[in-house]
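Please read the structure below before turning to the comments.
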Amino acid sequence: MRADSRYDSARILLADALARNRIVDRALTVLDEVDPKGAFAAAAAAERVEILANADRDGEALAAAKNRVDQADAEPADWQRYADLLLTTGNPAEAATWYRRIITADGANGGSWGLWLQYGGALDQAGRWPEARDALEKAVARGPAQPLALNYLGFAQVEHGDDIPASIRLLERASRLDPANASITDSLGWAYHLAGDTARALPLLERAGQGDPANAEIGDHLGDAYWTVGRQYEARYAWRAALLTAEPSDTARLTAKIANGLPPKARR
C-alpha cells in the first residue's frame with residue numbers, strides 16, 4: 001500500500017538530500033513512494049530527472065523526461081527540461097523541436113531572448129545554420145544588451161564566415177557589456193585574427209587564456225595566433241595545453257598542429 005500522500009513534499013526533499021550525498025538509488029526509491037496522481041507528482045518527476053542527470057545516468061534521465069513530456073498535464077517547464085537533456089546528450093535537432101514548441105506556447109510574447117538563443121544554438125549544432133542565424137538574430141533583437149546573445153551570434157557568424165565586420169561589431173558590444181568574460185574576450189580576439197588583425201587579437205586571446213586556462217578552444221585560438229606571428233614555440237605550448245582538456249573530436253587536429261604547425265591559409 002502506498003505511503004500517506006500527505007508526506008509527498010517531504011519525500012521529495014528527502015530524495016534531494018539523499019542524491020546530494022550520492023545515495024542515488026535510495027533517493028529514487030523514495031520518489032517511487034510519491035503518489036503518481038497527487039499534487040506533487042510533477043515535482044517528483046522533475047526531481048527524478050534532475051537526480052538521474054546529475055548522476056550521469058543520461059539514458060535513464062532522458063527516459064524519465066520523455067515520460068513526463070508525454071503526460072497530458074506536461075508544461076513548458078517539462079519540455080524545457082527534456083530539450084536541455086537532448087541538447088547535452090547529443091541530439092540538437094530534436095532539442096530544437098522542443099525549444100520551438102516552448103516559444104510557440106509563449107503566445108503573444110513570442111519567446112524571450114533566452115529561448116531564442118537556446119533554439120538558435122540547437123539549430124546551429126544540428127547543422128541548420130540559416131535557420132539558426134534567424135533565431136539568433138531574434139535573440140539579439142529581444143535582448144540587445146545581453147552579452148551572451150551578442151556573443152553567440154557574433155561568434156557563430158565568424159565561424160560560418162558570415163560578414164566578419166558586422167560580427168566584430170556584435171562582439172565588441174558584448175565585450176563592453178561583460179569585459180571580464182573570458183569566452184567573449186576570446187570570441188572578439190578570434191574575430192580580429194580571422195579579419196587579419198592578429199596584432200590586435202593577441203592581447204585579447206592571451207587575456208582570455210589567463211582568465212580560463214582550462215578552456216581548450218581558447219588555447220587552440222591562442223596557438224593559431226602565435227603561429228601566425230611567428231611565435232612557434234609558444235604556439236605549440238598553447239596547443240599542447242589545449243590538448244589536455246580538448247574534446248575527443250578535436251584531439252587529432254590539435255595533435256597534427258603540434259607536429260606540423262598551422263597549415264598555410266588555415267582558418268584554425
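Along the sequence shown, residues are numbered consecutively beginning with 1.
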[X]-[Y] side chain donor-acceptor pair, cut-off 3.5 Å:
{"X": "Glu131", "Y": "Tyr119", "value": "no"}
{"X": "Tyr226", "Y": "Glu206", "value": "yes"}
{"X": "Tyr7", "Y": "Asp35", "value": "no"}
{"X": "Ser187", "Y": "Asn151", "value": "yes"}

Nearest heavy-atom pair of [X] and [Y]: which atoms, and what distance?
{"X": "Ile12", "Y": "Ala43", "answer": "CD1-CB, 3.8 Å"}
{"X": "Asp220", "Y": "Ala242", "answer": "N-CB, 3.8 Å"}
{"X": "Gly120", "Y": "Ala135", "answer": "CA-CB, 3.6 Å"}
{"X": "Ala53", "Y": "Ala61", "answer": "N-CB, 3.7 Å"}
{"X": "Trp113", "Y": "Ala139", "answer": "CB-O, 3.3 Å"}
{"X": "Gly121", "Y": "Tyr152", "answer": "CA-OH, 3.3 Å"}

Taking C-beta and beyond as the side chain, do [X] and [Y] meet within less than 4.5 Å on heavy atoms?
{"X": "Leu117", "Y": "Gln146", "answer": "no"}
{"X": "Trp227", "Y": "Glu234", "answer": "no"}
{"X": "Lys257", "Y": "Leu262", "answer": "yes"}
{"X": "Asn54", "Y": "Arg22", "answer": "no"}
{"X": "Val34", "Y": "Glu47", "answer": "no"}

Given the rule that I, L, V, M, F, W and Y join up when any side-chain heavy atoms are under 4.5 Å apart, are [X] and [Y] in one cluster?
{"X": "Leu28", "Y": "Ile23", "answer": "no"}
{"X": "Leu148", "Y": "Leu136", "answer": "yes"}
{"X": "Leu202", "Y": "Tyr192", "answer": "no"}
{"X": "Leu153", "Y": "Leu150", "answer": "yes"}
{"X": "Ile184", "Y": "Leu204", "answer": "no"}

Under the 3.5 angstrom rule, does the side chain of [X] hit a backbone N or O of [Y] as a donor-acceptor pair?
{"X": "Thr185", "Y": "Ala208", "value": "no"}
{"X": "Trp116", "Y": "Gly110", "value": "yes"}
{"X": "Ser112", "Y": "Leu115", "value": "yes"}
{"X": "Arg11", "Y": "Leu31", "value": "no"}
{"X": "Arg142", "Y": "Gly111", "value": "yes"}
{"X": "Asp134", "Y": "Pro130", "value": "no"}
{"X": "Thr104", "Y": "Arg100", "value": "yes"}

Practice item. Assess whether side chain to side chain contact (heavy atoms under 4.5 Å, CB included) is satisfied between Leu62 and Val49, documenting all intermediate values. Key: CA-CA 7 Å; Leu62 275 169; Val49 172; over 6 Å; no

Check your understanding: Can you say whether the rings of His160 and Trp129 are parallel (under 30°), tilted (30 to 60°) or perpendicular (over 60°)?
Key ->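 The arrangement is parallel - the two ring planes meet at less than 30°.
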
Check your understanding: In terms of the angle between their ring planes, are Phe155 and His221 parallel, tilted or perpendicular, with boundaries placed at 30° and 60°?
Key -> tilted

Interatomic distance, [X] atom [atom1] to [Y] atom [atom2] [nearest 0.5 angstrom]:
{"X": "Asp25", "Y": "Leu18", "atom1": "CG", "atom2": "CG", "value": "11.0 Å"}
{"X": "Lys66", "Y": "Leu86", "atom1": "NZ", "atom2": "CG", "value": "9.5 Å"}
{"X": "Asp8", "Y": "Leu14", "atom1": "CG", "atom2": "CG", "value": "12.0 Å"}
{"X": "Thr89", "Y": "Glu94", "atom1": "OG1", "atom2": "CD", "value": "10.5 Å"}
{"X": "Asn215", "Y": "Asp186", "atom1": "CG", "atom2": "CG", "value": "6.5 Å"}
{"X": "Arg48", "Y": "Ile51", "atom1": "CZ", "atom2": "CD1", "value": "8.0 Å"}

**Study point:** side chain to side chain contact (heavy atoms under 4.5 Å, CB included) assessment of Glu217 paired with Asp250
**Key:** CA-CA 9 Å; Glu217 186 171 42; Asp250 292 325; over 6 Å; no

Point to revise | Ile218 and Trp190: CA distance, side-chain angles, deciding distance, side chain to side chain contact (heavy atoms under 4.5 Å, CB included) verdict | key: CA-CA 9 Å; Ile218 293 175; Trp190 186 238; over 6 Å; no

Practice item. Identify the residue among Leu123, Thr97, Asp124, Leu87 that makes a side-chain contact (heavy atoms from CB on, under 4.5 Å) with Pro92. Key: Leu87

Check your understanding: For Asp84 and Gln118, what are the C-alpha separation, side-chain angles and deciding distance, and is it a side chain to side chain contact (heavy atoms under 4.5 Å, CB included)?
Key -> CA-CA 9 Å; Asp84 291 347; Gln118 288 185 301; 3.3 Å; yes

